[in-house]
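Report on one structure; see the data block that follows.
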Amino acid sequence: MLFEKLKKNANTCNNNIRIEPKNLHCDFERAISNAAKTIFPNTNIKYCIWHYKKSLEIKKNKLCYNEVKNNNNIFIYYKAISNLPFINPEYIFDIYVIIKIKSIKNNYCQFLKFLEYFYKTYLIDYDMKIWNYYNNIEHITNNASESLNNYLNNLFQTKPSFYELIDKLNELEHLSYYDYQRKIRGIWKIKKRAINKANEISVLIERYKSIEAKLIDAKCDRNNIINLWFDCLTDLNNII
């Protein structure tokens with residue numbers, strides 16, 4: 001219903017010009033993504049990486065906490081799984097299989113339960129495209145909407161009525177426009193920001209993309225490319 005209202009009101013306010021979001025970031029909740037796809041079929045759904053990592057951490061703590069903590073090889077495998085959203089999705093299943101084979105060989109019993117959870121949840125139940133950011137490492141979380149939600153919760157001591165919420169949103173909209181006008185007039189100086197994590201990840205991934213392209217041009221074996229992206233996962237550990 002919410003998405004239907006948004007679409008209807010947007011079309012009405014824009015002289016029946018079709019409005020459709022390019023991207024929608026949300027938690028790993030099918031109800032939200034399915035509803036959005038029904039109303040906005042061309043919208044690109046992306047699930048939040050923070051929630052992906054948090055989900056893995058919770059399951060790791062439940063199934064194999066001691067193994068991961070006490071065995072550096074398992075820790076590296078776990079970190080590799082948690083960083084899969086950033087690499088070429090074509091090789092994700094191959095890397096999963098390598099990790100599983102090595103875990104079976106070394107009898108990592110508890111970690112194998114974690115791998116089974118990952119396989120069923122993220123390789124079978126969810127479309128990999130929805131949680132993979134290989135081609136768009138820019139907005140990888142839904143922190144902006146989470147921050148707005150927390151901000152709105154702090155504005156009201158009790159749950160507001162619909163009209164109270166609309167009034168407050170209108171007020172915030174005017175404040176945002178006022179802030180924007182101050183910035184473009186140079187009243188606010190925009191501070192230089194250090195390169196954030198997303199930029200660091202993007203730079204690293206672009207470097208590995210370049211290496212992959214050279215390996216493909218040289219007609220290298222597929223296993224060489226799989227090993228390349230496995231090395232990338234290790235390098236990602238130094239950033240994330």
I'd like a table of donor-acceptor pairs (distance under 3.5 Å, sequence neighbours excluded) in which one partner is a side-chain atom from residues 112-123, with atom names and distances.
{"unit_1": "Tyr117", "atom_1": "OH", "unit_2": "Ser55", "atom_2": "OG", "d": "2.7"}
{"unit_1": "Thr121", "atom_1": "OG1", "unit_2": "Tyr117", "atom_2": "O", "d": "2.8"}
{"unit_1": "Tyr122", "atom_1": "OH", "unit_2": "Ser55", "atom_2": "OG", "d": "2.9"}

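- Between Ser82 and Leu56 the shortest heavy-atom distance is CA-CD1, 3.7 Å.
- Annotation for Lys53: atom NZ counts as buried by contact number, over 12 foreign heavy atoms lying within 6.0 Å.
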Can you give the donor-acceptor pairs under 3.5 Å from side chains of residues 231-240 to other protein atoms, not counting sequence neighbours?
{"unit_1": "Thr234", "atom_1": "OG1", "unit_2": "Phe230", "atom_2": "O", "d": "3.4"}
{"unit_1": "Asp235", "atom_1": "OD2", "unit_2": "Tyr208", "atom_2": "OH", "d": "2.4"}
{"unit_1": "Asn237", "atom_1": "OD1", "unit_2": "Asn83", "atom_2": "ND2", "d": "2.9"}

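- For Asp217, the side chain to side chain contact (heavy atoms under 4.5 Å, CB included) test picks out no residue, with sequence neighbours left out.
- Identified under the side-chain hydrogen bond (donor to acceptor under 3.5 Å, both in side chains) test for residues 56-68, with sequence neighbours left out: none.
- In the hydrophobic cluster analysis, where Ile, Leu, Val, Met, Phe, Trp and Tyr join through side-chain heavy atoms closer than 4.5 angstrom, Leu204 is grouped together with Tyr134.
- Counting heavy atoms from C-beta on, the side chains of Tyr133 and Ile205 never come closer than 4.5 Å.
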For Ile101 and Ile104: C-alpha separation, side-chain torsions, deciding distance, then whether side chain to side chain contact (heavy atoms under 4.5 Å, CB included) applies. CA-CA 5 Å; Ile101 289 173; Ile104 292 173; 5.7 Å; no
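- The hydrophobic cluster containing Ile211 also contains Trp229, counting ILVMFWY residues as joined when their side-chain heavy atoms lie under 4.5 angstrom apart, directly or transitively.
- Taking the six-membered ring wherever Trp is involved, the centroid distance between the rings of Tyr47 and Tyr126 falls below 6.0 Å.
- For Cys220, the side chain to side chain contact (heavy atoms under 4.5 Å, CB included) partners two or more places apart in sequence, or in a different chain, are Leu215, Ala218, Asn224.
- Taking all atoms of both residues into account, the shortest heavy-atom contact from Ser103 to Phe111 is OG-CD2, 3.5 Å.
- Ile130 and Leu84 end up in the same hydrophobic cluster when Ile, Leu, Val, Met, Phe, Trp and Tyr side chains are linked at under 4.5 Å.
- Looking at heavy atoms from C-beta onward, Val68 lies out of side-chain contact with Tyr77 at the 4.5 angstrom threshold.
- For Asn223, the side chain to side chain contact (heavy atoms under 4.5 Å, CB included) partners are Asp221, Ile226, not counting sequence neighbours.
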Using atom types as modelled, flag every donor-acceptor pair under 3.5 Å from a side chain in residues 91-98 to any protein atom, sequence neighbours excluded.
{"unit_1": "Tyr91", "atom_1": "OH", "unit_2": "Glu212", "atom_2": "OE2", "d": "3.2"}
{"unit_1": "Asp94", "atom_1": "OD2", "unit_2": "Arg222", "atom_2": "NH2", "d": "2.7"}

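- Although no hydrogens or angles enter the test, the distance criterion places no donor-acceptor pair under 3.5 Å between the side chain of Lys129 and the main chain of Lys46.
- Evaluation of the salt bridge (charged side-chain N to carboxylate O under 4.0 Å, His left out) rule for Lys209 yields Glu206 as partners, not counting sequence neighbours.
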